[in-house]
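These notes are about the structure you will find just below.
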Amino acid sequence: MAERGLPRRAGLTEITGNKTSVAMASSDVKPKSVSHAKKWSEEIENLYRFQHAGYRDEAEYKQVKQVSMVDRWPETGYVKKLQRRDNTFYYYNRQRECDDKEVHKVKIYAY
C-alpha cells in the first residue's frame with residue numbers, strides 16, 4: 001500500500017509545489033507599509049469594495065483572479081462586481097457603500 005500511495009503523493013506534491021511556486025511568483029509584490037483611511041474618497045470606496053471581497057486592492061485581485069479588467073459602473077467608476085476567493089460573487093451598487101463609520105477600517109497599502 002505504501003508503494004502505491006507514494007507515487008500518487010509525490011505526483012500531488014509536485015503539482016501542488018508547482019502551483020504554489022507559481023502563486024508565490026505572481027504574488028511576490030508585498031506592501032511596504034499600511035495605513036488606515038481617515039476620510040472617504042472615491043479611492044477609499046473602491047478599496048473598501050476590494051477588501052470587503054477579501055483582497056488588499058485591485059492589484060492583488062488581478063493577480064489572484066488572473067483578470068485584466070475589473071467590472072466598474074460607467075457613471076461613477078466604482079467597482080461593480082468582484083469574485084471572492086471561494087468563487088462567490090459580490091455585486092455592488094452605483095452609489096457609495098462605504099459608510100463614514102466604516103472608513104477607518106479601510107487599509108491603504110503602499111508598495
Side-chain angles (χ1 to χ4, degrees):
M1 276 193 177
E3 290 178 27
R4 277 192 208 165
L6 271 176
R8 280 193 219 158
R9 288 184 185 167
L12 289 174
T13 304
E14 289 173 15
I15 292 169
T16 306
N18 287 341
K19 285 183 181 177
T20 303
S21 63
V22 169
M24 294 296 282
S26 66
S27 64
D28 270 347
V29 180
K30 302 282 186 208
K32 292 183 180 176
S33 65
V34 180
S35 61
H36 287 270
K38 304 291 185 235
K39 68 178 200 171
W40 184 90
S41 70
E42 290 183 2
E43 179 187 6
I44 299 304
E45 178 66 33
N46 281 326
L47 284 173
Y48 172 80
R49 293 172 187 220
F50 283 109
Q51 291 172 17
H52 182 254
Y55 303 94
R56 282 192 305 254
D57 50 24
E58 185 173 353
E60 184 185 35
Y61 179 77
K62 287 180 175 180
Q63 283 179 348
V64 172
K65 289 298 174 186
Q66 299 295 309
V67 295
S68 59
M69 290 182 53
V70 177
D71 290 336
R72 295 182 181 272
W73 289 104
E75 304 88 19
T76 59
Y78 298 153
V79 174
K80 182 178 186 178
K81 176 180 76 172
L82 293 174
Q83 188 175 11
R84 293 185 345 187
R85 293 175 191 266
D86 65 358
N87 294 327
T88 321
F89 285 93
Y90 275 133
Y91 295 91
Y92 297 99
N93 294 325
R94 286 182 181 91
Q95 296 85 16
R96 175 180 173 177
E97 290 201 5
C98 180
D99 295 331
D100 285 333
K101 64 182 180 181
E102 302 288 324
V103 169
H104 73 281
K105 297 177 184 177
V106 177
K107 296 178 183 177
I108 304 168
Y109 294 92
Y111 294 95

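Along the sequence shown, the residues carry numbers beginning at 1. Every heavy atom of this structure was used, including side-chain atoms; hydrogens, water molecules and symmetry mates were not.
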Side chains of Asn46 and Glu42: donor-acceptor distance under 3.5 Å anywhere? no

Value for CG (Leu47) from CD (Glu58), rounded to nearest 0.5 Å, stands at 9.5 Å

Does Thr88 offer a backbone N or O that forms a donor-acceptor pair with the side chain of Asp86 under 3.5 Å? yes

Group every Ile, Leu, Val, Met, Phe, Trp and Tyr by side-chain heavy-atom contacts under 4.5 Å, then state whether Val64 and Tyr90 land in the same group. yes

Which heavy-atom pair separates Tyr78 from Arg94 by the least distance, and what is that distance? CD1-O, 3.2 Å

Minimum heavy-atom separation for Asp71 to Lys81, with atom names? OD2-CE, 2.8 Å

Can you tell me which residue among Glu45, Lys39, Glu43 is in a side chain to side chain contact (heavy atoms under 4.5 Å, CB included) with Ser41? Glu43

Tyr61 versus Val70, closest heavy-atom pair with distance: CD2-CG2, 3.9 Å

Can you measure from CZ (Arg84) to NZ (Lys65) and round to the nearest 0.5 angstrom? 10.0 Å

Between His52 and Tyr92 the two heavy atoms that sit nearest each other are ND1-OH, 3.1 Å

Can you check side-chain contact (heavy atoms from CB on, under 4.5 Å) on Gln51 and Tyr109, steps first, answer last? CA-CA 11 Å; Gln51 291 172 17; Tyr109 294 92; 4.0 Å; yes

Can you give me the closest heavy-atom contact between Ile108 and Ala37, atom names plus distance? CD1-CA, 3.9 Å

Could you pull out the closest heavy-atom pair between Val79 and Arg49, with the gap in Å? O-NH1, 2.5 Å

Between the OH atom in Tyr48 and the CZ atom in Arg96, the distance rounded to the nearest 0.5 Å is 10.5 Å

Value rounded to 0.5 Å, distance of CD in Glu102 from CH2 in Trp40: 14.5 Å

How many angstroms lie between NZ in Lys38 and NE2 in His104, if you round to the nearest 0.5 Å? 10.0 Å

Same cluster or not: Leu82 versus Trp73, using hydrophobic residues (I, L, V, M, F, W, Y) connected whenever any side-chain heavy atoms lie under 4.5 Å apart? no

To the nearest 0.5 Å, how far apart are NZ in Lys107 and CG in Asp57? 12.0 Å

